[in-house]
Number of protein chains: 2
Amino acid sequence: MMITLTEENYIKAIYHLGKQGSTTVSTNAIAQEMDTKASSVTDMVKKLSEKGYVDYKKYQGVSLTESGKAIAINVVRKHRLWEVFLVEKLNFSWDEIHEVAEQLEHIKSKKLISQLDAFLGYPTHDPHGDPIPDETGNIKKIDKILLSEVKEGNDCICVGVQDSSTEFLQYLDKNKIALGVNLKVLQREPFDNSIAIKIGDKELVISNLIANNLYVKVS
Amino acid sequence: MMITLTEENYIKAIYHLGKQGSTTVSTNAIAQEMDTKASSVTDMVKKLSEKGYVDYKKYQGVSLTESGKAIAINVVRKHRLWEVFLVEKLNFSWDEIHEVAEQLEHIKSKKLISQLDAFLGYPTHDPHGDPIPDETGNIKKIDKILLSEVKEGNDCICVGVQDSSTEFLQYLDKNKIALGVNLKVLQREPFDNSIAIKIGDKELVISNLIANNLYVKVS
DNA sequence: ATTAATTTTTAGACTAATCTAAATTTTATT
DNA sequence: AATAAAATTTAGATTAGTCTAAAAATTAAT
């Protein structure tokens, strides 16, 4: 049974909203994520349910079935591999890749993806630090925490972002924050939860909003 | 005005049928090329006409306008660049690329294509020997002729194929015929128009059908 | 130059995906 | 527990693309 591009996008949205497909997701949340109306979501969710991709009970929200989850993970895999390709091979910057990867992720060819994976050297993470599922759908997650949770005095290394918006990524670029960069938390300001960090030999004060969208690993 | 994937495919079909968009094309021919019904073609052609991509008079066939031709050439450019990518970077063989390139050709991103072009080293021809239009839509054509037209005793070099079907390309592979390979026409058989050729140090008799689908340049 | 065959177009219907507006169910609040 | 608010679903309409069957135009053949 053929899956359409739209169905694939709904499944992906449900996956992301449901934290890797484990939680139940509301109609409204999907509508917001997909930039569409709740009534459209209801229609589509019924269809996905008939096709066996989601579990759905009226008024009770949706969750992915195993087959739905497998589809979602495969789309995520394709999306992230293409992102690596765009950055590593075509010199895109990390704030330019999302839109294009949204299109590329729907290309259907098993061989294309396995060859691309090999061509890129079997990358484990995309340019935003998110893990790339392997061919069997396995995702190995690293133990990352938000920068906002790091204690004063601790050294850490930047491993990912929570928000992948152009604005946020360009802020990071401007301040020379990139994946792999070392940071030290100098001081936390309780009043507004801002944090003073040392990056390279420079000091920088970042807001709580920023610190809440940056993943690090304490070293 | 946004152009849909389907519209793009119709424009491409009209371009190919009309020999690079110069000739008028019939409704039935388009229907056959697109594997759809003539009535569907009429509907679509009306829409394309309203949008200014084709000139159309009832019962008189269709031809591309300048803007339609520009769209077609751009799709062709993308298709052929992706084919080069698949063969050169992802180790596809030339009989496996068409289907995937059919999907990739619709990805919309100016930067993607210009970067891909650069990444591939600005190739001038795709793996089937067809020329790749440049960014401005310019196509430089080489003076190729069909192998069936080569005189006895002449040496030539294989530069392209007319038919890109899997079956034909696999026949060529099997017989070690590839782009760039030198051939010599030993003898032409008038009875069935078959041709005896020398390829490397081997002799091979090929049918007229084969010779009519292989482009060469006399050297 | 009629008639026959073929091609093309029209008319009307169908599916996928969407929308608005109204109805229903659930959740929150008094 | 009753009512108000919010979320969700239904009903009915719309658009893009397609289809079948019938009508109209063109081309071919007698």
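Order of the sequence lines fixes the chain letters, A, B, ..., with proteins taken first and strands second; residue numbering starts at 1 for each chain. All of these numbers come straight from a predicted model, not from anything done at the bench.
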Between residues 32-42 of chain A and DNA chain D, which residues have a heavy-atom gap below 4.0 Å?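 Hits under 4.0 Å, by residue number: A/Ala38, A/Ser39, A/Thr42.
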Is there a residue in residues 4-19 of chain B whose heavy atoms reach under 4.0 Å of DNA chain D, and which residues are they? B/Thr4, B/Thr6, B/Tyr10
Determine the interplanar angle of the B/Trp82 and A/Trp82 rings, folded into 0 to 90°, and report it as parallel if under 30°, tilted if 30 to 60°, perpendicular if over 60°. perpendicular
Any idea how A/Tyr171 and A/Phe168 line up, ring-wise: parallel (<30°), tilted (30 to 60°), or perpendicular (>60°)? parallel
Take the protein atom [atom1] of [X] and the nucleotide atom [atom2] of [N], then report the distance between them rounded to whole Å.
X	N	atom1	atom2	value
B/Met2	D/dA16	CE	C1'	14 Å
A/Tyr59	C/dA23	OH	P	13 Å
B/Ile30	C/dT7	CD1	P	15 Å
A/Lys58	C/dT24	NZ	P	11 Å

Measure from the side-chain heavy atoms of B/Asn28 and tell me the nearest of D/dT10, C/dT24, C/dT8. C/dT8
Under the ring-ring contact (aromatic ring centres under 6.0 Å, His included) definition, can you give me all pairs with a residue in residues 21-63 of chain B, not counting sequence neighbours?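 Found none.
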Which pairs pass ring-ring contact (aromatic ring centres under 6.0 Å, His included) with one or both residues in residues 95-132 of chain B, sequence neighbours excluded? B/His79-B/His98
As a quick check of understanding, evaluate side-chain contact (heavy atoms from CB on, under 4.5 Å) for A/Glu33 and A/Lys12, giving each step before the final call. CA-CA 10 Å; A/Glu33 173 87 4; A/Lys12 187 178 57 149; over 6 Å; no
Go through residues 49-57 of chain B and report each residue with a non-hydrogen atom lying under 4.0 Å from DNA chain C, sorted by number.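 Close to the strand are B/Tyr56.
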Taking the side chain from [X] and the backbone from [Y], do they hold a donor-acceptor pair closer than 3.5 Å?
X	Y	value
A/Asn213	A/Leu209	yes
B/Glu7	B/Thr4	yes
A/Gln115	B/Leu90	yes

Between protein and nucleotides 12-14 of chain D, what N or O pairs are separated by less than 3.5 Å?
none

Both A/Met44 and A/Gln60 contact DNA chain C. Which one's nearest nucleotide lies toward the 5' end?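 The residue closer to the strand's 5' end, by nearest nucleotide, is A/Met44.
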Side-chain donor-acceptor contact under 3.5 Å, B/Asp134 with B/Asn138: no
For A/Phe92, is the NZ or CZ atom of B/Lys111 found under 6.0 angstrom from the centre of its six-membered ring and inside 45 degrees of the ring axis? yes
